[in-house]
Amino acid sequence: MAAAESDREVPSALCTEFLNFSAKDTASKWLQVTDLYKEVYQHLARYVPKIYCLGPNLNPQSEDLLAQLLLQAPLEWYLCGEDPSTGLAKLEQNNQPSQLCGHVFRVGEPTYSCRECAADPTCVLCMQCFLGSVHKEHRYRMTTSGGGGFCDCGDTEAWKKGPYCQKHEPNISDSCQEDPLAHLSTDMIARCYNVFAIVLKYAVDMLTWDKEDELPPGLEPPDRGDTYYCMLFNDEVHTYEQVIYTLQKAVNCTQKEAVSFATTVDRDGRKSVRFGDFAFCEQAKSVIVRNTSRQSKPLRVQVMHSSVVAHQCFALKALHWLGHVIGYSDALRRILCQVGLERGPEGENSSLVDTLMLCDSKMWKGARNVYHQLFMSSLLMDLKYKKLFAIQFAKNYRRLQTDFMEDDHERVVSVTSLSVQLFTVPTMARMLITEENLMTTIIRTFVDHLRHRDLQGRFQFERYTAQQAFKFRRVQSLIGDLKYVLISRPTEWSDQLREKFLEGLDTFLELFKCMQGMDPVVRQVGQHIEMEPEWEAAFTLQMKLTHIISMMQEWCATDERVLIEAYKKCLTALTHCHSGFTDGEQPITLSMCGHSVDTIRYCVSQEKVSIHLPVSRLLAGLHVLLSKMEVAYRFPEQLPLSELSPPMLIEHPLRCLVLCAQVHAGMWRRNGFSLVNQIYYYHNVKCRVEMFDKDLIMLQAGASMMDPNHFLMIVLSRFELYHIFSSADCRKSYNRENTNKDVVQQNNTLIEEMLHLIMMVVGERFEAGVGQVEGCDEIKREIIHQLCIRPMAHSELVKALPENENKETGMERVIDSVASFKKPGVTGRGLYELRPECAKQFNLYFHHYSRADQSKAEEAQRKLKRQNGEDMALPPPMLPPFSPLFASLVNILQCDVLLGMLGAVLQWAVEPSGGHWSESMLQRVLHLIGMGLLEEQQQLKNSSEDHDVSFNFTLKISRPGEAPSNTASVLALLENLQNAPHLEVHKDMIRWILKMVASIKTMRELTASTYTVTASGSHGQEEMVCDKDKAERKRKAEMARLRREKIMAQMSEMQRHFINENKELFQQSLEELYASASTSTSLEHSPTSSDAALVCVGPRRSRPREKRQVVTCILCQEEQEIRADSKAMVLAAFVQRSTVMSKNRKRPPHDPEHYDPLFMHPDLSFGTHTGSCGHIMHSHCWQRYFEAVQAKEQRRQQRLRVHTSYDVGNGEFLCPLCECLSNTVIPLLPGAKGSNSCEQPGLGQWLKISGQQIKAMHSAHRKLQPVGVDAVEETVEEQCPAPESFRIDYTPMSPYSSTIKEMLTTFGTATYKVGLKVHPNEQDPRVPIMCWGSCAYTIQSIERLLVDEEKPLFGSLPCRQDDCLSSLARFGSACWTAASQPSVQGHYIRLVAALIPDPQVETSPCILDIDMLHLLVSVVLSYGSVHSQDSSGLSVDAVQLHFFHIITVAHMVQMLLTSGPEEVTMEQESGGAEREEEEDICALYNTLRTHLGSSLPEVASGWHLWRCVKTGILPYLRGAALFFHHLNGVPTPPELHALCPGQWEVLCGYLSLPSNLLQLYHSQKELLEPLLYGWCSHPGVRQTLQGGGVLVSFPRESNSLIDLPDDYSALINQASSFTCPKSGGDKSRAPTLCLVCGSMLCSQSYCCQTELDGEDVGACTAHTFACGAGVGIFLRVRESQVLFLSGKTKGCFYAPPYLDDYGETDQGLRRGNPLHLCRQRYRKIQKLWRQHSVTEEIGHAQEANQTLVGIDWQHL
Ligand SMILES: [Zn+2]
Ligand SMILES: [Zn+2]
Ligand SMILES: [Zn+2]
Ligand SMILES: [Zn+2]
Ligand SMILES: [Zn+2]
Ligand SMILES: [Zn+2]
Ligand SMILES: [Zn+2]
């Protein structure tokens, strides 16, 4: 649209030319010309260099404006043939919006997919479409976009259901097949075509232009000056730091500018860093190149002529413009597509689109992004042209990929990343396979890039250089493309598709042949290997291909003909791999138990063996499919079954399995970790489907085609165990002569492994095709076996199950049938528990169990059985029958060789002294026997009446061996073993077997008489009872004892661990313990004697009986009484600055050196909090401990640069008992001594006395001051005589011992240092102020916590907090003894002056600017310094009460002044009870109005005022009660230990206040009236009331963390539109939300680093200091992770308050389940914050996890 043509600023020289320019005229001239192309180019050549690139700094606004006016406007006029504003509007009317949404995702934007309906996981919706779609009710998946890619809404192929959202639902009335061009006139089409062709050609010319100093013909500028740019390009080799450093050197810029250059280069791909003449730019270039060429290839720099840069800028603009214009009309979009794909003069692949694609890797990032975007909004939005584009893309595929390999940019900025948009459309993928042979192309391209082969043509990754490794990583993206192509399976096959697919499969097999046998290993004997061989690359390849292999098989499974052909091809490939199979290997003959077989001599332990056998495994997969699809029975004639040589099939898989067994047996120890890792991955859930599982299937397939005796003999031979079992007297002689313990041990393990393998071959029937099962039976069984280990969370289960290419495990379909879900609490996660009825399907020898899993599962299942009172046998479970193709496998169980082996092992067990055997060997044998029996039982049950069951295991095991040895039968041996004392553990199993044998015998007898037997388990119960006699009980008792012992041993080890893991729990129980202890003590000294109500302040205060307080030092365990003159005892404490209660986060930080902290503003904008873990030490014990910590820290720093969770240099240490973070200690002091005094002065009299005292102090202090300062005033002021009893010159003795004095200084200095953030200075007069402030602030914060937690004022605090408050209050009242008395008295005078006018104090704050609790605490605590000089008998109690009363009145006045206008409420009528208060308050309010006049609104109702005051003053009264209770040690009234009604009266009574607080004023009206007047006449009051200051209203609500949305995606969305505040409009990479104030920050990024105390810190750390006085709580939105920060060096991550439906958090957003706010957990975080425990939490987290310590928290 043409912009308004007014008020612009253009360079004056050009003004006239520009003002005379008319877009309309230019356009009409163009309409006349014959060579439009030339004309437009001339126009561009003339204007572009005049608009763009006129100086060092680009000016996007004015450039864009001019470009619009001079360049785009004429094009638009020409295009429309009329005023574009009307022309484009007309086009828009006829626009058929695309049904595709096509919204292009920003980085970090949320995307949604549907696990139920999406065709593949790449199908995603934007948030808008998602919210309007059916999928929001489905099981959806949420992720954040990495940028690029677009919304698939409207693509019918992307969704199985609900492809449209409400907005993109097609309008049925419109015929969508209509040609969009039908609406346009031919003229219009022609003009449009012309413009697009010229503009697009121009853009392509310019963007692909690679000359620095010249322009394409026709664009040469009329006049060219010597103006150049030094252009710096992005690469992925150099780091930010390197670039910044180099730039500072090369172009003399500041660090800030360099950072900005580097950021732009990173974002846009290039940036001019210098403008000037050629030589000037060339010089910068050479510096940059020189500086960066040392380690790597240099940064790319070009010196470009300004006109070239100008045209390139406009070319980008032109592409933007095209994208904008086609947005008006689908017709224009189609024309642009036509223009773009039109074949150029160079023939094939020469269209403009092709040119762009093929030059992709040569363009800079910004240019690529712009044209990719244009492709997305044009070619990909037009279904017809999308197809044509896809074909071009496929044609160029090989070249594009090759370019991509050479390019060093990330894949997202490569055109190759468009493959996901094209290949995942199923029809498109199929079309590309059949027409462009895409499958073959991809695989060929892939194989071509892996060049290194060994002599046999197999891949060899070992010698990869860094460059090749880099390429190897990039080439993997091709596998991704292949996956896209295969992801949706064809529903019908054409002959062409078959042909091309099989051609693809052929290529794929070529790839496999290069992998078969790669990375072979040879057992290392003698020496350990010197260097771990490379193995990761091969496994990466295998892992990446896993899904492809599975998908190939699934494709085969959809068409019989394809399957048969694929099977043949695969078999041929395998035969090819095996050519020369027997060469050089000697044939041998094995014979055993009357059977013999020919095989080769081969030892895994001596020759090469490889774990990579993809060809064999693919064949195994196809073989199962033959069985599953019954192709094998229906078309046997088409299959090359006769060509199969079973021994050949099993040979390599068997070697691989034997290798695993030998590794387990420890025979390959010298081969190092690489082999161990390979074996691990071979079994791992990520690989096993196409590795271990398939090897097992291949063994099953081979064995099913062989004589079982032959199969077993070959197995024995490969396990290198043949010699043991084949000898005639193997039952006796095994190992007797062998004395090498290692060999014995090895052989034992090998026998165990082999028995396990046989179990698996016979027993693993849950793969559909092997056994007669459904697909979901397999997954059910996996889940059951996982849950047999222990209950598991959803994510744990998902991790244990193999995922398919859609990242689905299929678990959701079956989980509910096998497990029940248990919801999580405030911690932990939701768990699935196995349904009890599923436990009987437990198989101890489940093939996917690792050894650790197996023993855990065994333990768990035995425990379960014990709990249910069942016997302890864990017999094999019932199995489904085999498919016919595999049916013969059961015969392995009853073959002679196996029975021979079973007999041998049993015989060894009977005579344990003779041979070496193992219990697990026996256990496996028993299991195998159990399997045989179950098989027989099953067959008997299922057999029809007259059919004889040939499987007769019972018969075979009852038969004794033949002559001459006449060995005992298996059954006889079992009966023998039943009574063997050394086999207690196996008795239940043996008993179970014997029972089965009996039951089968009866069955056989009954079948003979045609009687069907029902379950066998039930009868036998009775006889069992008899069996379980004393011995049984004894055995159990013995086992219990052993278990106890074991547990006890574990306990001590675990305890430490446990405490660390469950800190919170531990803390809680400790607190409970303390709480109960403290209640009992408080009961103890509650005054049962006096019935008088308890009072905590004033002359009437209750005097607790003096009692000795004795504590124990946690370090030396000695007891110590707390006395002023004894050794100091201290509490570990942690002082921190806090803004938790702040009502004003905007207050600027004060200047620490000059700040006067005496008065706290009621906004509490920041305070100093003191907490303690409550652990007590001797001060000297603590000092020694701290010195040791310091020394250790010094040593540690010298040795290795490990950080600790605490900063010793800053005085931090961990409490020696509970490891709680501390930074100082508070001394414990005895309580105030109560002196029952005589008559005390009333208020009036005391005011007089106090006035005199203050005057006396004034003059005394003046004397102390250096002469001359106030000399004049001194003479004026009359010498005021002090009251006689006030000995102003008297300096009292400190009552404290030297150690206590020392500790008074220690804590005071620490509070001062932390609270003000200054260097420690014990002389600073502000030290005591900070201590009083911390006392008041801590009391206030605890009072708030109690309210928030709905706990009573007293009795609910953990003991440690009670102790902490007492020590703080007592410390506060004593700290003046450690400071200079005059300065403390000076504070006192200024404090008092704020209440009682004092002409000698010049500036006092107005009462609206004073927090009254702080004032009360400070004034009471500072009074000690005055009282010490008073000998008149005036009691401290009386003074405390007077101050308390005056401050209470002041607080009421404060509230009346700030009470808002009354709200009209219904229940204004109150009972008569409070009438008096209402009248009194009205009277007081009116007095205030007379002083202040109109500044106070008129208020009619006393009810409202009284409400305000009563609720407003409560926190203050409660705080005062806490303070006086702890200061004076008065027991608390029981009513305040509960939340019962009537608290007000009790509280007032306890505080020695009338319950009608107004009486305080009215009873002393004459005395208080002048004070009142003084307060009101302070100029600050009027000013604040008129809006000139911060007005805080009471009561101050507790601060909460910000409200969070229920749905996490709302946060992601919010964060995705957040841009970095510093680098204009850029998306922030790590948007982070402050949970305290709700600010969004750009964290972990260079752009937003700021300087804090001379160090660069990230946005979060900087914000932490502004918002939380050093403590911060954040939510990292992309990571779904809570971040705690403290100071600059400490931090930890914390579980977010968002949970998925399975009760789990998703840190890192990896799982993508919908997340919802868990309020309970959020409250828990809030509580941590409110109770100032964040830093402590960080400390604990860092102690538990040392890796947290190393993180650079300050850069977050
Ligand atoms: Zn959308
Ligand atoms: Zn939509
Ligand atoms: Zn859905
Ligand atoms: Zn001690
Ligand atoms: Zn502690
Ligand atoms: Zn930023
Ligand atoms: Zn904040």
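Whatever order the structure lists ligands and atoms in, that order sets their numbers, starting from 1. Nothing here was measured: the structure is a model prediction, and the numbers come from that model.
- Here the angle centred on the Zn ion (ligand 2), running from ND1 of His168 over to SG of Cys165, is 100°, rounded to 10°.
- Thr143 and Tyr112 are not linked by any side-chain donor-acceptor pair at a separation below 3.5 angstrom, with hydrogens and angles left out of the test.
- Within a radius of less than 2.8 Å around the Zn ion (ligand 6), the protein N, O or S atoms are Cys1620 SG, Cys1642 SG, Cys1647 SG, Cys1648 SG.
- Side-chain contact annotation: Glu116 with His135, donor-acceptor N/O pair under 3.5 Å absent.
- Vertex the Zn ion (ligand 1); arms to Cys129 atom SG and Cys101 atom SG; angle 110° (nearest 10°).
- No donor-acceptor pair closer than 3.5 Å links the side chain of Ser260 to the backbone N or O of Lys256.
- The backbone N or O of Ser113 sits nowhere less than 3.5 Å from a side-chain atom of Arg141 that would complete a donor-acceptor pair.
- For the pair SG of Cys126 and SG of Cys151, the angle at the Zn ion (ligand 1) is about 110°; rounding is to 10 degrees.
- Side-chain atoms of Ser378 and Arg334 form no donor-acceptor pair, as typed in the model, at a separation below 3.5 Å.
- Counting only heavy atoms from C-beta outward, the side chains of Asn94 and Ser329 never approach each other to under 4.5 Å.
- Arg1137 contributes no side-chain N or O that, together with a main-chain N or O of Val1671, makes up a donor-acceptor pair within less than 3.5 Å.
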